[in-house]
Amino acid sequence: MQGVINEFSIVSPSTGSPLGPPMEFNLMFSTMIGPTGVVKGFLRPETAQGIFVNFKRLLEFAQGRLPFAAAQIGNAFRNEISPRSGLLRVREFTMAEIEHFCDPTILTHPKFASIQDTEMTLFSACDQMDGKKPKSMTIGEAVKSVCF
């Protein structure tokens, strides 16, 4: 990583200051598994990862058809680098997440007309990669956009 930083002269985008050397840091809490404590494990950082890992099975439950949604609730753990400005700083969270899956090549849905003018703040993969900020746009505009 340091070689890439040096090769491309990467600096802080907000201040222009040089970056410090890379260091290993895991945002997940480590724990020991089993009676001997020899095997190292990590507590999950987000709840939805199981949804993605089990996507094939969820698609089978949906009879192989898109769109479908999956919801999950459970505990997640974070080993935060710095505390936030709240009164309480917790490392264990109860989280609920819903993931909607659709085929990006099929742009028709019977209820689309009823929501196409709904405005949302979206952060496309293209904008993230280009270092741009999230954009406010309607769902219809997002569907027409190349980046979504």
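Starting from 1, each residue takes its place in the sequence as its number.
Scanning for side-chain hydrogen bond (donor to acceptor under 3.5 Å, both in side chains) contacts around Asn6 gives Gln2, with sequence neighbours left out. Among residues two or more places apart in sequence or in another chain, the side-chain hydrogen bond (donor to acceptor under 3.5 Å, both in side chains) test is passed with Ser12 by Ser14, Thr15. Phe112 meets the ring-ring contact (aromatic ring centres under 6.0 Å, His included) test with no other residue; sequence neighbours excluded. Lys135 pairs by the salt bridge (charged side-chain N to carboxylate O under 4.0 Å, His left out) definition with Asp127, not counting sequence neighbours. Residues forming a side chain to side chain contact (heavy atoms under 4.5 Å, CB included) with Lys40 (at least two apart in sequence, or on another chain): Ser30, Met32, Phe42. For Glu60, there are no side-chain hydrogen bond (donor to acceptor under 3.5 Å, both in side chains) partners, not counting sequence neighbours. Residues passing the side-chain hydrogen bond (donor to acceptor under 3.5 Å, both in side chains) test with Glu119, sequence neighbours excluded: Ser136. Residues meeting the side chain to side chain contact (heavy atoms under 4.5 Å, CB included) test with Leu66, sequence neighbours left out: Leu59, Phe68, Phe101, Asp103.
Closest approach of Gln128 to Phe123, counting heavy atoms only: NE2-O, 2.9 Å. Between Pro134 and Thr121, the shortest heavy-atom distance links the atoms CB-CG2, 3.8 Å. Heavy atoms only, all atoms of each residue included: Ile51 and Ala71 are closest at CD1-C, 4.3 Å.
Ile98 belongs to no hydrophobic cluster, as no Ile, Leu, Val, Met, Phe, Trp or Tyr side chain comes under 4.5 Å of its own. Through side-chain heavy atoms spaced under 4.5 Å, either directly or across other Ile, Leu, Val, Met, Phe, Trp or Tyr residues, Ile10 is tied to Met1, Val4, Ile5, Phe8, Leu19.
Annotation: the span from Arg57 atom CZ to Asn54 atom CG amounts to 7.0 Å, rounded to 0.5 Å. One finds the CE atom of Met137 at 12.0 Å from the NZ atom of Lys144 (value rounded to the nearest 0.5 Å).
Note on Phe61 and Phe55: same hydrophobic cluster, where clusters join Ile, Leu, Val, Met, Phe, Trp and Tyr whose side-chain heavy atoms are under 4.5 Å apart, directly or indirectly.
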Between Ile139 and Met120, does the side-chain contact (heavy atoms from CB on, under 4.5 Å) criterion hold? Intermediate values first, please.
CA-CA 7 Å; Ile139 294 174; Met120 300 179 71; 3.6 Å; yes
